[in-house]
Amino acid sequence: MTTSAPIPPITGTVTVAVPIDQAFEVFTGSINSWRPHQFHIGAADVAEVVLEPGVGGRWFERGVDGTECDWGRVLLWEPPHHLVFTWQINGTWQFDPDPGHASEIDV
């Protein structure tokens, strides 16, 4: 049996010249305006990207045909200071419903 070392976290920093509450609102409430629509997992083109507010909220794409494809779930919602949500897209670009396989995005 072979074991592999865990992948180290990927980190980055972006500084914006707006108050923190405005940055949080744009990141979460206006995700559709800045998240590129050309990257999607559904068969249909993307009409909208949604990040539902609150713990348990969905992160998903809605296609122009009305279909929805989940990307993950909100794990922590503490506006305007902290947000954690999952990335549940696997290596073949399909949604993986098992949260044990998810990556976490910590903002």
- Message: If I compare all heavy atoms of P79 with all of F24, which pair ends up nearest, and what's the gap?
- Response: CB-CE2, 3.4 Å

- Stepwise side-chain contact (heavy atoms from CB on, under 4.5 Å) check, I41 with I89: CA-CA 9 Å; I41 62 171; I89 308 301; 3.6 Å; yes

- Query: Side-chain heavy atoms under 4.5 angstrom apart, residues restricted to Ile, Leu, Val, Met, Phe, Trp, Tyr: same cluster for L75 and I31?
  - Reply: no

- Under a single-linkage definition using a 4.5 Å side-chain heavy-atom cutoff for Ile, Leu, Val, Met, Phe, Trp and Tyr, are V50 and W77 assigned to the same hydrophobic cluster? no

- Linking directly or through intermediates, with side-chain heavy atoms under 4.5 Å: list the remaining ILVMFWY members grouped with V18, chain and number order. V14, V16

- State the NE2-CD distance between H37 and E48, to the nearest 0.5 angstrom. 8.0 Å

- Out of curiosity, does W87 fall in the hydrophobic cluster containing V84 (side-chain heavy atoms, cut-off under 4.5 Å, transitive links)? no

- Residues at least two apart in sequence or cross-chain that pass ring pair (Phe, Tyr, Trp, His ring centres under 6.0 Å) with F60, listed by chain then number, are none

- Task: Determine, using the 4.5 Å side-chain heavy-atom cutoff (strictly less than), whether L76 and L51 are members of one ILVMFWY cluster.
- Result: no

- side-chain contact (heavy atoms from CB on, under 4.5 Å) between I20 and H81, worked out: CA-CA 7 Å; I20 192 169; H81 299 285; 3.5 Å; yes

Distance-only donor-acceptor hits, side chain of residues 99-107, under 3.5 Å, sequence neighbours excluded:
| unit_1 | atom_1 | unit_2 | atom_2 | d |
| --- | --- | --- | --- | --- |
| H101 | ND1 | D96 | OD2 | 2.6 |
| H101 | NE2 | D98 | OD2 | 3.4 |
| D106 | OD1 | H82 | NE2 | 2.6 |

- Note on the structure: dist E25:CD -> S30:OG (nearest 0.5 Å) comes out at 5.5 Å

- Item | Residues that T92 engages under side-chain hydrogen bond (donor to acceptor under 3.5 Å, both in side chains), provided they are two or more places apart | N90

- Can you sort out the partners of T67 under side-chain hydrogen bond (donor to acceptor under 3.5 Å, both in side chains), two or more places apart, ordered by chain and number? D65

- Item | Separation between CZ of F85 and OG1 of T28, rounded to the nearest 0.5 Å | 9.5 Å

- Item | Residue pairs, two or more places apart or on separate chains, that pass salt bridge (Lys or Arg N to Asp or Glu O under 4.0 Å) and touch residues 68-82 | R58-E68, R58-D70, R62-E68, D70-R73

- Say you draw a straight line from SG of C69 to CD of Q94; how long is it, rounded to the nearest 0.5 Å? 8.5 Å

- Option among W34, W71, F39 that satisfies the side chain to side chain contact (heavy atoms under 4.5 Å, CB included) test with V49: W71

- Note on the structure: Between G63 and A44, the two heavy atoms sitting closest are CA-CB, 4.3 Å

